[in-house]
Protein chains: 2
Amino acid sequence: MYDVFFQKFNEKISLTEQEENFIRQYLTPKKLRKRQYLLQEGDICKSIALLEKGSMRSYLVDPAGQEHITAFALEGWTIGDLSSFHSELPSTQNIDALEDCELVLISKSAHDELLRTMPKYETYFRLLITDAYLALQKRTLSMISLSLDDRYKAFMESYPNIAQRVPQHMIASYMGLSPETLSRIRSRINTSK
Amino acid sequence: MYDVFFQKFNEKISLTEQEENFIRQYLTPKKLRKRQYLLQEGDICKSIALLEKGSMRSYLVDPAGQEHITAFALEGWTIGDLSSFHSELPSTQNIDALEDCELVLISKSAHDELLRTMPKYETYFRLLITDAYLALQKRTLSMISLSLDDRYKAFMESYPNIAQRVPQHMIASYMGLSPETLSRIRSRINTSK
DNA sequence: GCCTGATCTTGACCAAAATCAATAGAATTT
DNA sequence: AAATTCTATTGATTTTGGTCAAGATCAGGC
């Protein structure tokens, strides 16, 4: 149990068996059915989740009622609304399962206690959020500096596994495009090579 | 010396005088004239900088030769290319001074040693990068979900002090717009109220 | 196995932003 | 003080992506 979680943890900071067992007490397993919510707009995000299995997305709804996907997650990825988790204020995001999922949850109180008592956990989390920052920065820079065609190519290179598992219109939403435009980008790219 | 640096540090984690002096050894002051580079594309980002005084920007140049501003920094803000700093690979960004600046630098080796030896530094840095992540996320979400008018309003609310010190065409660049479009957004907003 | 709903593509049309161009006012430099 | 450069605005035109609509394919539910 928690195999993927500890594998990912050990990639950043290696743990002894005792340390793994210490952390284990703070973890909670959770299963979600496809389409089930982990978090809904207005909720406070009380835990961050690592996916052992399945796929998820987070999205927000704009003033005009349109959904915009803000993130995807696959096995081994972490998902949650860090803003709400950190501030303990209601979230503006929704997170739900795209497939049946198995998760590992760390509650806010467990997280805070691990930060206080276990330096390796703080290091793990610092590295985790550094990676998240770098990935987000890459996304943001591609949005301001690349053509649509290049942005799509960059997305496909960075996340080929997402493209395989997620419908195309959701990728369009993630990129801030209409599904029709993404379809046209694809046909443009395919004919030009 | 380093007043702003320690003020910002203490806002996150409070330090004793001894701790301040311990950190002080690892810091280097630097002055930059307006238009002077802190980092150029191809350089490895060897230190992160906190601005004691002045203002800076970072930008990148796209394949078509066009500049895109990726970040601004004012007094008390931290700037640098975290991607290059972290990976020790050449940067794709340029960072230069918009006004005469006074900086505090932490080199990569100083940073690594502080992380190893001083838990409070690691906590400080974790909180710093968490804030950076949250700010970047806010920016990214506004790019995919808001109208241009709302994005501009949100920018002005979040960073009124940037708008006061930075020419408008740079704000347009930061937002990924042409200067003409930003000018038209402004006139639209001004006439409608 | 059929039906419904979801997904993707393509076309026609429209709206929004980029580009090109001209102007004028500010700020720096000499 | 004059000259040069930087900055912002406005108009005309072009390009790009969004919206609306129709049709085709596929998957899952009954």
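Computed from a predicted structure; not experimentally measured. Residue numbers start from 1 in every chain, and the chains themselves are labelled A, B, ... in the order their sequence lines are given, proteins ahead of strands.
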Parallel, tilted or perpendicular: rings of A:Phe9 and A:Tyr121 (30°, 60°): tilted

Backbone of A:Arg184 reached by a side-chain donor or acceptor of A:Ser187 within 3.5 Å: yes

A:Lys108 with A:Asp112: basic N within carboxylate O range, under 4.0 Å: yes

Separation of D:dT9 P from B:His169 NE2 (nearest whole Å): 12 Å

Exceeds 12 heavy-atom contacts within 6.0 angstrom, atom CZ of B:Arg33: no

Protein-to-nucleotide contact annotation, 5' to 3' order, nucleotides 11-30 of chain C [B base; S sugar-phosphate only; - none; under 4.0 Å, heavy atom]: BB----SSBBB---------

Charged N-O contact under 4.0 Å between B:Asp100 and B:Lys53: no

Nucleic acid footprint by protein, nucleotides 25-30 of chain D - heavy-atom cut-off 4.0 Å, B for base, S for sugar-phosphate alone: ------

Between D:dC6 (P) and B:Ile171 (CD1): distance, integer Å: 18 Å

CA sep, side-chain torsions, deciding dist, call: B:Arg24, B:Glu20, salt bridge (charged side-chain N to carboxylate O under 4.0 Å, His left out): CA-CA 6 Å; B:Arg24 212 174 281 272; B:Glu20 284 202 11; 3.4 Å; yes

Spacing between A:Ile185 atom CD1 and C:dT10 atom P, to the nearest angstrom: 14 Å

Value in whole Å for how far the P atom of D:dG17 lies from CE of A:Met175: 11 Å

Validation row, ring centre B:Phe125 to ring centre B:His111 under 6.0 Å: yes

Basic-acidic side-chain contact under 4.0 Å: A:Glu157, A:Lys153: no

Between C1' of C:dC8 and CG of A:Asn190, the distance in whole Å: 13 Å

Side-chain N,O (B:Gln168) to OP1/OP2 (D:dT9) below 4.0 Å: yes

Between P of D:dT16 and CG of A:Asp150, the distance in whole Å: 14 Å

side-chain N/O A:Arg186 vs C:dT9 OP1/OP2, d < 4.0 Å: yes

Option among A:Tyr59, A:Phe72, A:Tyr152, A:Tyr159 that satisfies the ring-ring contact (aromatic ring centres under 6.0 Å, His included) test with A:Tyr174: A:Phe72

